[in-house]
Structures are given as C-alpha cells and as structure tokens.
Amino acid sequence: MRLDSSLAQKRRPDRAALVIAAALILAAVGIGWSAYSAGGIATYSPVGPKTVPYIIAVAMFVLGVLTVVAALRGDFPERERQDVGPMVWVIGGLAVQMLTMKTVGFSIATGLLFAATARGFGRGPLWLTIPVGIVFSFIVWFIFAKGLQLSLPAGPLESLFF
Amino acid sequence: MATFDLLAQGLLVALQPANLLYALIGVTLGTAVGVLPGIGPALTVALLLPVTYKLDPAGSLIMFAGIYYGGMYGGSTTSILLNTPGESASIVTALEGNKMARQGRGGPALATAAIGSFVAGLIATLGLAFIAPTVVKFALSFGPSEYFALMLLAFMTVSAAFGESTLRGLTALVIGLALGLIGIDQLTGQARLTMGLPNLFDGISVTTLAVALFAIGETLAVVAGHRFGGEKAQAIKGSVMMTRADWKRSWMPWLRGTAIGFPIGAMPAGGADVASFLSYSAERNFSKHPEEFGKGAIEGVAGPEAANNASAAGTLVPLLTLGLPTTATAAIMLAGFQQFGMQPGPLLFVTNAPLVWGLIASLLVANLMLLVLNLPLIGLWVRLLTIPKPWLYAGILVFATLGTIGADGSTSMLGPVPVSFGLGLLLAFGVLGYLLRRFGYPIAPVVVGLILGPMAEKSLRQALQISQGDPMALFHSWIAIALWLLALTALLLPLWLRMRGRGKVLAQLATDED
Amino acid sequence: MKHFFLTTLVSGLLTLSAHAADYKIMAPAAPGGGWDQTARSMQAALQDEGISSNVQVTNVPGAGGTIGLAQFVNQANGDPSQLIVGGYVMVGAILTNNSPVTLEQVTPIARLTGEYEAIVVPAASDIKDMAGLVEKLKADPGSVSWAGGSAGGTDHITAGLIAKAIGVDPTKVNYIAFSGGGEALAAILGNQVTVGISGYGEFAEQVKAGTLRLIGISSDERIEGIDAPTFKEGGADVSIQNWRMVAAAPGITDEQKHAITAEIGKMAKSATWQKTLNDKGWADTFLAGDEFSKQLNKDIESTTVILKEIGLVK
C-alpha cells in the first residue's frame, strides 16, 4: 500500500501534475459550458450572470495549460513519502459516519469515525476503541444536543436513554 | 460629559462581584466551546445564548458579553495550535500561528493573540462608545463601487498568502472563485453550477469549506505521513510567554490591526475575514522581517487577531446605531439584545441609554476577564499538543463533523441511504485539502476566493446597474479612487521591487534592524 | 455564589431539555429583513407567552426565500417542531426562479400579518413626493435606481406595477436586488440609489428618526399613525399587500397540523404578539386553516398572471 512518489518525482513529466492539469482544464470547460447553456436575462448592467463564470473558466483553462508546462518541466516541489493505508482508514471512517449518521444516530456513527481515526494512527484494537468512541460521542451528544440544543441526529442508542 | 457618567455607572454595575462572576462564567463557557476545533464564534454564541436567559438583565448582558469574547478568542487557540480554524476570520491566524506552534513557539503566539485581542477589544469598544456615529457615516459611504474597489484591493494584497509559487497560488484562488459561483445568482435569481441539487442552491458555506480544507485535510496529511515520522510532535521550546523581542514586534501590529479591523467591521458588507486578510498583508508589507512570513512571523498573528477582535466590536456599530446585523454572529446578538429589551436603531442611544452603556461596560469587563482567564491558561492550552496523536486527531474529527452537522441538518438520499449532505461536502473538500497540501498548493487562497469572489461580483454588477452600464461609476467617489490606487500600488510595488532587485531591499531592511 | 453557579449551569442544561413545544423557525431571508423580523417576533411571543419553552430561529437567506424553502422541504419532512416563515414574496420567487419546490409542498398554517409596501428616499433627495418620482420615471426610467429585496419579490413586483400604472415599460425599471432588507437599507441610507422600496416596517425606525423620507405607501387608504399618502394619491394606481405566513413541515399528520394551528392561533391572540404588530406597523390579517389555503391558491394564480404581464416570467 505504500505510494512511493519520490521515485515518480524524478520521472519527468510529473504524471500526478498532469492529472491535476487535466482536472483543471476539464473543470474550466464544464464551467464555461454551464454558463453558455444557461438562459439569459436583461439587466442594465453589462456584466450579467454569465460574465464572471466565463472569466473564471478562461482563467482556469490558462492555469491548466500552465500546469501542463510546469509538469513537463518538473517544477512541482518534491513530495514526501506517504502512507495510503492509514489515510484510507480515516477517509473510510468519515464515509461510514456520513452514511450511517441519519440511521444509527450521532453517537454510534461518530464512535465509528473515532475508532477508525485511531486505527489510522495505529491505535487499536477496534473492539476496544469502538465502544470507547461511542461512549465519548454519546457524552458529546448529550452536552450539545440536550444541554445546548444543537440539533444532532438521534438514533436507537440516544432514544434508549431519552 | 453625560457620556462618561453613563459609562461610569455602567462600569459600577458591571464591576459588582456577582456580575464579575457572571463575566468569568461567560468567558469560561465561551472559551470552552469556542476552543473546540471546527466550532466557530457564531455557533458558540448561538449555542450559549440561551444559558443567559435565566439571569437578571444586567447579569445576562454581562455573561453574554463574556461568551462573545470567549468564543472569539477560543477559536484562535485551536487555529494556532492545531491548524484547524473554525471560521474564515481565523484562517490567517492559523497561517503564521501554526508555523510558530510547530517551532515550539505556540505560547508566544497564543499570548500575542490574547493580548492583541484585549488591546483591540479595548480600543474598539471605546471607539464604539464615543465615535460610533462618525464610523457609521463612513461605513455607509461604502456603496457597491467602493466595495468593488475594496475587494480588488483585498485580491491584490492577499497574494501575500499565496506561498512560494505564483502558479499554484493563483490556481488555489481560482478554485475558490469557481466554488463561489455555485448557487443561485442573487441579482437575477438564476441557478449556476448547482447541477440541479437543491442543497447547492445556497452555495458552499465558508465554514464547511474552511473546516474541511484545514481540519480534515490536515488530519489526512498528518496520518499519511505518520509512519515516516512526518513532522515531529511540536515540542514546547523556550518560554511560553512572549520575549522582549516579541513585545517589540507585536505592539504596532496590534494597533494597525485595530485601525483596519474596526472600520471594516462596521461596514454593512465588510466582516472580520476581510479585515484579517487586509491586516495580514499590511503586516507583511510593514514588517522588518518579511522573509519570516509563511514561516511563523509573530506580526502575522498579532495583526490579524487584533483586526479580528476590533472588527467584532466594529460589527456592533451598525448593529446598535442602525439595527443592521452584518454577520452571522451579529444576527444572533440582535436576538440577544431584543431579549434584553433593546431595539437597535438610530434612536437606541437616546431611548435606551442605560442599557447601551451597560452593554459597553460589560464588553469592557468581559474583555478584561478574557485576558485574566486566558493568559495563565496558555501553558495548559499548549499541552493540547502533548495529547497522543491518535486521540487528538480522532477528537478533532469528532468536533469538526459535529459543527458541520449541527449547522446544516439537511438530509439527502444517496440511493436508498439517507445521508448528510454537509458531511459529504466535508469529506470531499477534506480530500481536496489533502491533495492541495500534497502537491504544494496553498490552502488559504481557496477560502479567500470563496469569500471575496461573490462579494466582488455582486458589488460590480450592482454598481454598473445603478449607473446603467457606465463604467466610470466605479470611480465616482474619492474613497473608490483611493482604493483603486492602493490596489494598483499593491499590484505594481512587488513587481517594481523585484525589478530593482528585491534581495537588495531585503538585505537593507535586515541591516536596519540590526 | 457557588450555589448560584451550579443553579445557572444545571438550569441551563436541564430546563432547556424540556421537549414539549420546542420550535425551530426558519427565516428564509438575511437577518434584519421582513421574514427575519417576523420569525424573531414569533420567537419572542411564543416564549414570553409560555406557549413554547424554547424557540430557535435560523436564517437561510437568498433568492426570495426559495433557497430556504427548498432546504426546509428537504430537511424538515415529518418534523412537527419545524416551522417556516414565508409570504407573498415566495409566491413570486418560486415562479421567477423556476423553483423545484413550491408552497404546495409545505403545510400552510396561518397568515399572520400583512404589511404595505413603502417607498422611501434619503432625507436629502430632490424627490419630495410620489408625483416627483412619477415625473422622474416618465422622463427616464433607467435613471431611477430602486433598492429592494431579491429579484422577482414583492418589492420588485410593486416597482413593476407602478411603472405599468403610469405608462412606463415595466421591463425598463432599474431594479437592484440586495440579499435582504438590511443591505438594501444600507444602500439607501448611503445615498447609493435613488429610492428604496420595501415593507414599511423595515424603514419605520429610520423614518421616525428623520433619516429617510417616506413618499408613499401601497395601501388602499391612508393608515392611521403613518404619515404618508397612498400610491394612488400620488398618481400611481397600485395597491398591494405583502402578507406573511407561517407554514409547517411537509408530511406531518392532521393531528400535528391541528396542534400547531392551535398554538399559533393562541400566539396570534396574545398580548405580546398584538403589541409587536402595533410597534412594527404590521396589520393583523390573521387567517388560518382551509380559508387560508384557499386564499393562498388564489394568490398563486393571480401572481402568475401579474408576473407574466410585467415581464418577470416568460
């Protein structure tokens, strides 16, 4: 799972940078097309609702092209070695929290995020960190949702107590 | 001298032991909630306001003032130490402050923020008391043309936050500008780049973007570099207090920050974020150590923090004198004032003098309490950094997502699964934040673009519509012309300096210092 | 001392957790604007009268309230504790913005107030009265810039109707949309625009203080306590009332709807609410239940016609 990009860095052109450039150009075209296909409206201002989107699309396109040049010349800074595995744990934790929040409530969903983050940093085991995370999140939920009236989703666990 | 009498009376009430205790409780609660990563002052004040309802009017008012200042200050603590600003006005603080914290100078960074906030709060509150009518007149002379020129100036000067590469700095800015397009166009009601998603109709929230890019992006960057040692835990080196040199480098930025923050906070479309951006670039220009900017220059914390707090007091000027809330925090405060029986408007100072002066006295006392509470606590706050990373970052993510879901409780369907759209955005922008860091793009310009872009576009179009398309209207007042000239200077001066050999200038500045 | 500290905290934490009759009111406008004032006045009345122990107001501004409405329809579904303030403006905005959500998707509870539109000029303006404005408009409609709320709102519609009534092409009205009454007010006070048009309540404090001059009001007849002629008297045959209502979430049960209607009815009769109406110059046009639903449908029909006629909807 190790992404050893310091090797990639030495390779010119910088492939990752080319991907960034492509994304910028694609986004520029998307913004421009979206402005072009929107309906028009008459106002006294020569600058209408489409003008600024066009300007931004052009700017983004130009920057995309310049990024291609920078990528070919290897102008991007050297990148440190990165560990993708732990990051997947954290991103996965966030995704699970997003997907489960509305069904299982704040405490359980956020407890899972807590445990996944700790796991990403190499702390476990999950059978211990998940309960710890849920208890911690439940305390946070109690203080904010019950004490301070913040609207945080309640699930089965929360309704067990309230 | 009726003014002084009224203020003295207010102070006498505010200084009663019971009221001092309320101020302390307010400041403590405000700091405690405000310090949580991802929870900004607006949310803090909104959450804690009901707590004050139980007290008598004087106690309620003074506790409220404490919460307000505590919430404002608490946010900068985590911005500095953990690089997790909870709102747009703390982003600039995080820029230099976090660099300082990484060098073990978190203590002095927090101290200059606390003392700067106190100085700015003191001066700006006195300004509110004595020159509010003048300031509001100045603020009202800002129409669409002036706002557009001000936004241009802000654009030109924030390039200071662009980091080492112009290409990547500009790209980050344009990404922010593009995100700013998303939503319904206010002037014509047309939807732009919303992809038909109603959740995008009100645009991308600045808070969500800031929390995602900073807090989530930072966590991802730290965890990805963790096994390789990454950055060493920011050990505390040297004194947690400010050195003589720190004092020497801080006092002018405090005053300049106040001078920038107070009037901009008073403008109906100003705001603490614009003030902090402008203060940061001013400090960069005035500093005798411009080479330290981006690497932990104390001026870059002192100025913007002062500007931030001064603009918070500035916000009260249109709020009290016109009944015009100009920020989210101010809108919540308006509800608070009405609760205390105040009806802000042009006649408030006449019809409700005792309450207004009570409020001003409360703000002064709360400001002092904040300093009393937080200076001794700096040593404790800095210890946050000694929490083991797994628990620290797990906690950061818990509070960052809590802030998001609390502010935006909307539910969308992802296939059959009900999900939180806000959390989805948070995750997407968090990954964007990581990628930007990974490839050497600066983060701050993205948020700057999202804030300034729509404001600039709106004011330009409003100005041109008022003038029926005549572009000369953009220069119709001396304020607008002055701002245009400043913007032009900001654009041309660095080019000129570079042509003259910037190194020489820097070297000379360095010798001046010694 | 210590005892009080604890009492404060405990009462803060516990009394607020009382569940019954908590309301979250959405004001789909920027703070300071008309809907915001309505929502916050409701908040005060509901709490002061002890009808609800805790009322929160949230602002979701923009595009004539359709942004807030969309969000409300999205997130409040089936939740009887959530209310949204809205009004005539929304009817128009839904049409002009091609809004994907409509008022048929929420549960209308009651019409609360009606407010008349007012036209103001800065105290130093050379326009002295409605006739002066009409004259200027006839000479060059573009030279009169109007500051008001979102595009297609009541303010915009009224400006268009005035133009039409005096024989000026309504599409030539130079209307500048601000995101809320507050921002528009700042532009008028700062002499940035020729006239301001909005609900009377938004200008009341300034008119009292003499910083703005009220030149006309959109009622049929003069109103007691407001020193201004009607538009009709000034030569523009337009009368319009900007009503405001409160609606509940989509998908609530009939029982829940009746309970909310009863509580809002109680609020509308309360002394606090009546005082607010009086202070802000809002007329009491309370109308609830099926009668209100019928009235609402009628308004939607007629607005569609007006908007097409004055060129705001194609």
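Protein chains get the first letters and strands the later ones, always in sequence-line order, with residue 1 at the start of each. As the structure is a computational prediction, the values presented were derived from the model and not from experiment.
Of all heavy-atom pairs spanning C/Gln192 and B/Leu140, the tightest one is NE2-O, 3.5 Å.
Of the atoms belonging to C/Thr194, not a single heavy atom falls under 4.5 Å from chain B. For a residue to count as touching a neighbouring chain, one of its non-hydrogen atoms must lie under 4.5 Å from one of that chain's; by this rule C/Tyr175 touches chain B with the backbone only. Contact annotation for B/Lys137: neither backbone nor side-chain heavy atoms come within less than 4.5 Å of a heavy atom of chain C. Residue C/Asp140 touches chain B through its side chain alone, counting heavy-atom pairs closer than 4.5 Å.
Not a single donor-acceptor pair under 3.5 Å links the side chain of B/Gln465 to the backbone N or O of C/Asn174.
Most heavy-atom pairs under 4.5 Å with chain B, from the set C/Asn191, C/Val193, C/Val144, C/Leu189: that is C/Leu189. Counting heavy-atom pairs closer than 4.5 Å to chain C, the top residue among B/Ser145, B/Ser477, B/Gly143 is B/Gly143.
The shortest distance between side-chain heavy atoms of B/Gln462 and C/Phe178 falls below 4.5 Å.
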